[in-house]
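The structure's right below; bear with me while I get my questions together.
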Amino acid sequence: MLNEATIQTIKSTVPVLEVHGTAITTRFYQLLFTNHPELLNIFNHANQKQGRQQTALANVVYAAALHIDKLESILPVVKGIAHKHRSLGVRAEHYPIVGENLLAAIKDVLGDAATDEIMGAWAEAYGVIADVFINVEAEMYRESEEQAGGWADYRAFRVVRKVRESDVITSFYLVPQDGRALALYQPGQYVSIKVNIPGDSYTHIRQYSLSDAPGQSYYRISVKREDAIGDHPAGKVSVFLHEHIEEGGELLLTAPAGDFVLDTDDARPLVLMSGGVGLTPMISMLNTVTASNPQRQVTFIHAARNGQVHALRDHVEELARLHPQLKVYWCYEQPSQADEAAAAHHHTGFIDRHWLSEVLPGVDAGFYYCGPTPFMKAIHGALLDCGVQEKDIHFEFFGPSQSLA
Ligand code: HEM
C-alpha cells in the first residue's frame, strides 16, 4: 500500500493533470503507438482519430488515483472496463507498457513541474491501480476458460447463415469450427470479432452485441453497415463483414463479455428501448424474457429513421402476436410514404418525455436502453423527469462510454 505522503502527492497533483488532460493523453497515445505499433492491432483506430478514446483511459487513472486509499469503491467501474479489456485480449504484460508511456507523457507535458517526487508517486500509484485491473481481468479470463463451452482467447467460428435484416443491418449466425459446446451468456453481452482485411497491415477488433437469446446452437450478431457520412469515414470492419464475409466464411471471436445484462430475477415490468442498431442487445433480452419468463410484462420501444432501416420488425411483431404481455411501439424520425400508408409506426419524430410517459407501464420497472448518444441523453433525461430511480436504469454505449449528464 502507498504511504501517506505519496497519497497526498497524488491527490494534490490530480487537478494539475486534469487541467492538461488533452495534452497528456494526446502525447500518451503518440508515444504508445510509436514505441509499440503492435498495439494498433488492439486499439480501434477510428475511435483514436475521433479523439473519443483519448480521454477515457487517462481520466479513469486520475479518478482511480483520487480513490487510491479506497479502490474497492470504484470496483464496479473497474469491472465494466475489465469486461472490455478481457474481451479485447488485454493482458497483464500490457500494463507496464501503458504505465511507462503515460508517465513519459505526464513528464513531457508538465516539464520541470514534474519533480522526481511527483513522478515517483505516480509510478507507484499507477502500479497499484494496474494491479487491481490485472487481478480482476485474470479472474475473468479464468472464468471464461473454465465455463462449459467457454474459451480464453480467440476461437474460430463459421458463418452458417447471413440474413439481411434491413437496408443497413445484416445478421451473421456463427458456430464454432471445432464443433464443440458453446458457452451460455447473459442477454445484453457482446463478443469481440477480429478481422484481417486484405491489404491492411493491422488486424481490427470490433465488439458486437449478441442479438439472440442464449442457449442456441449458434451465436448471432447483427451488424450495421457504417457508410461514410460527410467527413465521417465508412466503418472498415462493418463494411468488410457486409461485403466480404459470406456463408461458409470464418470469423475469430472472443468469449461473451459485458456488464449490461438483463436482471432475470426481477419480476417487475420490463422496458426495453433502442435507437438504430442499439436494437441488438434489446432483442437478445426480449427473446430471453418472452421465452423464459412469459409472465413478465414487457414494453419494447424502438426508434429508427424509417421503416427501411428498421431491422427485425417482423420478428418482434410476431412475438407480440404470441405474447399478450408484450407491448411494442415503433418511433420513426422521418417515416417514408410507405410507412405512413401502412401505418407502420406509432410515433413520429424523436421520443420525448410526454410520449414516453403515456406508454410506460409506470416508474417501478426495470429500464434498459442502447442507441446513439443523443437518443441515450433524451431517454435518460425523460426517465429521470418521469420519476424513474437511477437504480432501475441500465444502459450501454456502443463505442467509448460517455457521460449522459
Ligand atoms: C478501453 C481504462 C489499461 C487497452 C478503456 C476504457 C477505459 C480504459 C476507461 C474505455 C472503456 C469504455 O469505453 O467502456 C484503462 C485503465 C488502464 C487501462 C484505467 C490502466 C490502469 C489498458 C491496457 C491496454 C488497454 C494496458 C492494452 C494495451 C484498451 C483498449 C480499449 C480500452 C484497446 C478499447 C478502446 C478502443 O479501442 O476504442 N480502457 N485501460 N487498456 N483499453 Fe484500457
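We count ligands from 1, going down the list as the structure has it; atoms in each ligand are counted the same way.
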- Message: List ligand 1 atoms under 4.0 Å from V90, heavy atoms only on the residue side.
- Response: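 Those qualifying, in numeric order: 4 (C), 23 (C), 24 (C), 25 (C), 27 (C).
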
#### Entry: Ligand-side contact atoms (ligand 1) for residue partner V61, heavy atom cut-off under 4.0 Å
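It comes down to these atoms of ligand 1: 19 (C).
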
- Message: With heavy-atom distances below 4.0 Å as the criterion, list the atoms of ligand 1 near I81.
- Response: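 Close to I81: 2 (C), 7 (C), 8 (C), 9 (C), 39 (N).
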
Do the charged groups of R155 and D178 touch, with an N to O distance under 4.0 Å? yes

key: Validation row: L286, V298 side chains within 4.5 angstrom (heavy atoms)   =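 L286 reaches V298 side chain to side chain.
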
One finds that the ligand 1 atoms under 4.0 Å from a non-hydrogen atom of K84 are 11 (C), 12 (C), 13 (O), 14 (O)

Donor-acceptor check, side chain of S238 to backbone of E226, threshold 3.5 angstrom: yes or no?
yes

Selected option - heavy-atom contact closest to atom 43 (Fe) of ligand 1, from E38, E137, H204, H85:
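Looking at heavy atoms only, the winner is H85.
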
Does a donor on one side chain sit under 3.5 Å from an acceptor on the other, for Y190 and H83?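 No, because no side-chain N or O of Y190 sits under 3.5 Å from a partner of the opposite role on H83.
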
Does ligand 1 have a heavy atom under 4.0 Å from the side chain of L57, from its backbone, from both, or from neither?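 The answer is both, backbone and side chain.
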
Under 4.0 Å from one or more heavy atoms of V60, ligand 1 contributes atoms 9 (C), 19 (C)

Open item on the list: Tell me whether Y126 contacts the main-chain N or O of Y95 through its side chain, where contact means a donor paired with an acceptor under 3.5 Å.
Closed with: yes

Determine, step by step, whether R220 and S211 satisfy the side chain to side chain donor-acceptor pair (under 3.5 Å) criterion, reporting the C-alpha distance in whole Å, the side-chain angles of both residues, the deciding distance to 0.1 Å, and the verdict. CA-CA 6 Å; R220 182 179 72 177; S211 64; 2.8 Å; yes

One finds that the ligand 1 atoms under 4.0 Å from a non-hydrogen atom of I42 are 33 (C)

E145 with R142: basic N within carboxylate O range, under 4.0 Å: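 The answer is no: the pair does not qualify as a salt bridge.
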
The answer for which part of F43 has a heavy atom under 4.0 Å from ligand 1 is both

Take atom CZ of R91 as the centre, draw a 6.0 Å sphere, and report whether it contains more than 12 heavy atoms from other residues, nucleotides or ligands.
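For R91, atom CZ is crowded (more than 12 foreign heavy atoms under 6.0 Å).
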
query: Do N44 and ligand 1 have an N or O pair less than 3.5 Å apart?
result: yes

### Task
List every atom of ligand 1 that sits less than 4.0 Å from any heavy atom of V98, numbering the atoms from 1 in the order shown and giving each element.
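The atoms of ligand 1 under 4.0 Å from a heavy atom of V98 are 23 (C), 26 (C).
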
A student checking ligand 1 against L88 at a 4.0 Å heavy-atom cut-off should list atoms 30 (C), 31 (C), 33 (C), 34 (C)

